[in-house]
Amino acid sequence: NLGEGRAAMKHLLCFGFGFSAQHLAAILDKSAWRISGTSRSVEGVAAINRLGHEGLLFDELKSIPNSVTHILSSVPPDKSGDPVLRHFASSLAAQGFEWVTYLSTTGVYGDRGGALIDETAELRPNGERGQRRVDAEKQWQAIANLPLHIFRLPGIYGPGRNQLESVKDGTAKRIIKAGQIFSRIHVEDIAGILKASIAKPNPRQTYNVADDEPCSPQDVVSYACELLGVAPPPETPFEQAELSPMARSFYADSKRVSNSRIKAELGYQLKYPNYRVGLAGLLKS
């Protein structure tokens, strides 16, 4: 019965249909899932439709459709808070969902001087952007009975967005800041981790997402150059580097992010456990 089949379908609504949401949508079984994504622009809605999903104009959506069973929000907070919660807090509180996930950032931890931290670490962000994320997490957590999961993401790379591309287009820099350590994650692993969470929900849990090998950013640039067989860009001391305010803010924090919870609790095995495996895979593809 076609009607019964449709009723049994899961419906994922993605607030924001960026890099991570697109990769999750790509690995969900199309026969079992209806996928909708929001955009603030008509062009963005058209792009979602071209991918074979249902594009929705965020500002025209009055409430969350009754058919929605799963929600993924990757919309960043603005000066007034979380836009999704501004528009849909009552809708989120009133409906019974199976899985709701907010994508946050490891920036909520602030600077740890290169130390290893897990999800129990105190939140002490550097600057306004990090504080907005802490506030947004609290806003989501304040909605009672919501099967909320929070995933804190580090630097994300993947197809079309990685250091191989920046080396090839001449924008890669080797910026040297003593003791600087970042965590990162391949977008395909983000998608895999989210899919594992959908299969094994644990409402009100928070997860760090990162690969196994935090390292200094110049190491990644150097390896990308090695793979491409080109000379690495010159080393630039951090103090002399010309960086955008956002890029500079990344260098304000140095930490190693533990990924043990996604492995132990979700049973997830990383496809790209470090940047070398990730970049080599991207070069092949």
Side-chain angles (χ1 to χ4, degrees), residues 19-20 74-79 81-82 102-141 149-157 161-163 166 171-187 189-190 193 205-224 233 235-263 270 272-276 278:
F19 208 36
S20 299
S74 56
V75 177
D78 56 29
K79 285 179 182 172
D82 189 301
Y102 176 63
L103 297 187
S104 185
T105 163
T106 55
V108 296
Y109 299 116
D111 182 35
R112 297 305 166 113
L116 180 69
I117 49 133
D118 64 16
E119 293 87 351
T120 64
E122 180 193 355
L123 305 186
R124 44 178 208 232
N126 251 327
E128 187 187 357
R129 281 176 61 248
Q131 187 57 52
R132 282 185 196 172
R133 286 290 189 176
V134 172
D135 295 342
E137 285 191 12
K138 286 177 182 170
Q139 282 182 289
W140 279 94
Q141 288 165 333
H149 307 73
I150 292 174
F151 288 82
R152 294 178 179 146
L153 308 180
I156 303 170
Y157 72 103
R161 201 166 121 178
N162 58 74
Q163 293 289 25
S166 58
T171 59
K173 297 182 174 88
R174 272 199 306 162
I175 295 162
I176 309 300
K177 188 181 180 194
Q180 185 73 42
I181 294 286
F182 286 156
S183 289
R184 57 193 54 74
I185 190 73
H186 194 296
V187 69
D189 277 320
I190 297 174
I193 289 160
Q205 185 61 289
T206 301
Y207 300 90
N208 286 337
V209 178
D211 70 18
D212 291 338
E213 198 174 320
C215 72
S216 63
Q218 66 266 24
D219 291 352
V220 184
V221 175
S222 296
Y223 189 67
E235 294 187 350
T236 305
F238 174 72
E239 295 72 27
Q240 295 167 25
E242 291 178 15
L243 294 169
S244 68
M246 183 176 275
R248 194 162 285 278
S249 73
F250 283 115
Y251 279 87
D253 295 352
S254 176
K255 56 184 165 283
R256 294 174 168 84
V257 178
S258 168
N259 62 14
S260 57
R261 184 175 282 175
I262 57 170
K263 293 176 175 179
L270 290 162
Y272 303 101
N274 58 55
Y275 68 90
R276 290 182 303 280

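Residue numbers start at 1 and run along the sequence shown. Hydrogens, waters and symmetry mates are skipped; everything else that's a heavy atom, side chains included, is used.
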Flag this pair as yes if the NZ/CZ of R256 is under 6.0 angstrom from the six-membered ring centre of F182 and inside a 45 degree cone about the axis; otherwise no.
->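 The answer is no, since R256 fails at least one limit relative to F182.
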Side chain proximity check, [X] to [Y], heavy atoms < 4.5 angstrom:
X	Y	answer
Q205	E119	no
R133	P76	yes
N126	D111	yes
I176	F238	no
Q218	K177	no
I175	Y251	yes
I185	L270	yes
S104	I150	yes

Under 3.5 Å side-chain donor-acceptor pair for [X] and [Y]:
X	Y	answer
D135	Q139	no
N208	Y109	yes
D219	S216	yes
S249	R129	yes

Closest non-hydrogen atom pair, [X] against [Y]:
X	Y	result
A210	I262	O-CD1, 4.3 Å
P214	I181	CB-CG2, 3.7 Å
A241	R248	O-NH2, 2.7 Å
S254	G179	OG-O, 3.1 Å
Q163	V221	NE2-CG2, 3.5 Å

Starting at [atom1] of [X], measure out to [atom2] of [Y] and round the result to the nearest 0.5 Å.
X	Y	atom1	atom2	result
L123	I117	CG	CD1	9.0 Å
R174	S222	CZ	OG	4.5 Å
I190	S74	CD1	OG	10.0 Å
I156	N162	CD1	CG	13.0 Å
D82	K138	CG	NZ	14.5 Å

When the ring planes of Y275 and Y223 are compared, do they come out parallel, tilted or perpendicular, using 30° and 60° as the limits?
->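 Ring orientation, 0 to 90° scale: perpendicular.
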Walk me through it: do K173 and T236 pass the test side-chain contact (heavy atoms from CB on, under 4.5 Å)?
-> CA-CA 8 Å; K173 297 182 174 88; T236 305; 5.6 Å; no
In sequence, state the C-alpha distance, the side-chain angles, and the governing distance for S183 and T106, and then conclude on side-chain contact (heavy atoms from CB on, under 4.5 Å).
-> CA-CA 9 Å; S183 289; T106 55; 6.0 Å; no
Check [Y] with [X], please: is the shortest side-chain N to carboxylate O separation under 4.0 Å?
X	Y	result
E213	R184	no
D212	K263	yes
K255	D253	yes
E137	R152	yes

Audit row: D118, R261, side-chain contact (heavy atoms from CB on, under 4.5 Å) steps and yes/no = CA-CA 8 Å; D118 64 16; R261 184 175 282 175; over 6 Å; no
Between F151 and Y102, does the ring centre distance come in under 6.0 Å?
->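 No, the ring of F151 stays outside the 6.0 Å limit from the ring of Y102, centre to centre.
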